[in-house]
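For reference, the structure is listed below as structure tokens.
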Amino acid sequence: MVRICAIIAGSALAACSPVGAAQDAPPTTAPAPSAAENANVDPDSGLTLIDVTIVSGANRHSFVTELADTTEAQARGMMFRTEMGDSEGMLFPSYTPQVRSFWMKNTPLPLDIIFIGPDSRITNIEAGVPYVIESVSSDGPALAVFEIRGGLSEELGIAAGDMVEFQLPE
């Protein structure tokens, strides 16, 4: 019975997460953030906030972005969330560029999954991915994966080839 509960718990953590996330993320132990660092933390998720900008032609689209930079954060992703603002996102860095695959189990909010290549350009976008367990994958090695509200990339004219700018904290 304990084994079944462990399997169910492990399955729940894999939703809206990269396949193989445990291999991609750095160790999860880190010192507690200082009071100054807390200003850059999402109050609900506890994740660090960074700025991500997509340069699409003459347009620059900026997003306040939760950084899923640990194994646990990448496994949890956007699970169980029901809304996301048009200027919000979540970034899943790959500390080594590689083909990335994501699924959306336990994620009721449709999302655009934007795969970012090693040159910081969008390789492909899986638009409006709903609550499904089938994986969607990058079209080649990905430096990071960026999630925004489903349909927003089309509304803003964001497409493959656009540049994505972000700076990971040290």
Side-chain angles (χ1 to χ4, degrees), residues 11 13-26 42 45 47-169:
S11 297
L13 286 176
C16 188
S17 65
V19 175
Q23 300 168 9
D24 301 335
D42 183 85
S45 70
L47 297 177
T48 299
L49 295 172
I50 64 169
D51 294 321
V52 173
T53 300
I54 299 177
V55 181
S56 182
N59 297 316
R60 296 178 64 81
H61 308 288
S62 295
F63 301 87
V64 175
T65 302
E66 294 174 72
L67 181 61
D69 62 349
T70 65
T71 303
E72 291 82 7
Q74 290 200 6
R76 185 176 47 254
M78 294 293 295
M79 282 188 352
F80 306 110
R81 297 197 195 180
T82 57
E83 57 186 41
M84 176 182 251
D86 287 352
S87 62
E88 298 174 338
M90 183 174 281
L91 185 76
F92 300 77
S94 295
Y95 295 88
T96 302
Q98 59 191 285
V99 173
R100 301 292 300 267
S101 296
F102 276 60
W103 67 339
M104 304 302 287
K105 184 176 180 187
N106 296 325
T107 308
L109 176 67
L111 298 170
D112 287 354
I113 303 174
I114 300 171
F115 295 97
I116 305 165
D119 62 354
S120 296
R121 293 193 175 277
I122 297 172
T123 58
N124 61 300
I125 300 172
E126 294 294 330
V129 179
Y131 186 142
V132 295
I133 59 172
E134 293 82 22
S135 293
V136 295
S137 299
S138 60
D139 289 345
L143 172 69
V145 179
F146 185 50
E147 294 180 340
I148 59 176
R149 179 182 59 77
L152 188 58
S153 55
E154 182 178 0
E155 291 171 27
L156 297 176
I158 296 170
D162 288 349
M163 180 67 69
V164 182
E165 301 172 343
F166 61 90
Q167 181 75 40
L168 296 177

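In what follows, residues are counted from 1 in the order of the sequence shown.
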Side chain to side chain contact (heavy atoms under 4.5 Å, CB included) between Phe166 and Asp51, intermediate numbers included: CA-CA 6 Å; Phe166 61 90; Asp51 294 321; over 6 Å; no
Only distances under 3.5 Å count here; give the side-chain donor-acceptor pairs of residues 82-91 to other protein atoms, sequence neighbours excluded, each with its distance to 0.1 Å.
from: Asp86; atom 1: OD1; to: Arg149; atom 2: NE; distance (Å): 2.6
from: Asp86; atom 1: OD1; to: Arg149; atom 2: NH2; distance (Å): 3.2
from: Glu88; atom 1: OE1; to: Gly85; atom 2: N; distance (Å): 2.7

For the student: nearest non-hydrogen atoms of Ser137 and Glu126, plus distance: O-OE2, 4.3 Å
Side chain Ser138, main chain Gly140, donor-acceptor under 3.5 Å: yes
Atom of Pro97, atom of Pro118 and distance for their closest heavy-atom approach: CB-CG, 3.9 Å
Nearest non-hydrogen partners of Met104 and Leu109, listed with the distance: CE-O, 4.4 Å
Straight-line distance of Asn59 CG to Thr53 OG1, nearest 0.5 Å: 12.5 Å
Side chain proximity check, Leu49 to Glu66, heavy atoms < 4.5 angstrom: yes
Within-4.5 Å side-chain heavy-atom neighbours: Arg100 and Phe92: yes
Side-chain donor or acceptor of His61 paired with backbone N/O of Leu156 under 3.5 Å: yes
Polar side-chain atom of Asp69 near backbone of Leu47 as donor-acceptor pair, under 3.5 Å: no
Nearest heavy-atom neighbours spanning Ala144 and Pro93: CB-CA, 4.0 Å
Min side-chain heavy-atom separation Val164-Leu143 under 4.5 Å: no
Gln98 side-chain N/O to Thr96 backbone N/O, donor-acceptor pair under 3.5 Å: yes
Within 6.0 angstrom of Glu155 CD, more than 12 heavy atoms from elsewhere: yes
Spacing of Ile133 atom CD1 and Thr107 atom OG1 [to the nearest 0.5 Å]: 12.0 Å
Closest approach of Arg81 to Pro108 (non-hydrogen atoms, all atoms of both residues): O-CG, 3.3 Å
Atom CD of Glu165 with >12 non-hydrogen neighbours under 6.0 angstrom: yes
Donor-acceptor under 3.5 Å (Asp139 side chain, Asn124 main chain): no
Donor-acceptor pairs under 3.5 Å, side chain of residues 110-117 to any protein atom, not counting sequence neighbours: which ones?
from: Asp112; atom 1: OD1; to: Gly128; atom 2: N; distance (Å): 2.7
from: Asp112; atom 1: OD1; to: Gly151; atom 2: N; distance (Å): 2.9
from: Asp112; atom 1: OD2; to: Gly151; atom 2: N; distance (Å): 3.2
from: Asp112; atom 1: OD2; to: Leu152; atom 2: N; distance (Å): 3.3
from: Asp112; atom 1: OD2; to: Ser153; atom 2: N; distance (Å): 2.9
from: Asp112; atom 1: OD2; to: Ser153; atom 2: OG; distance (Å): 2.6

Modelled atom types, side-chain donor and acceptor of Ser56 and Asp162, under 3.5 Å: yes
Polar side-chain atom of Thr70 near backbone of Ala73 as donor-acceptor pair, under 3.5 Å: yes
Non-hydrogen side-chain atoms of Phe146 and Ile122 separated by less than 4.5 Å: no
CG (Leu168) with more than 12 external heavy atoms under 6.0 Å: yes
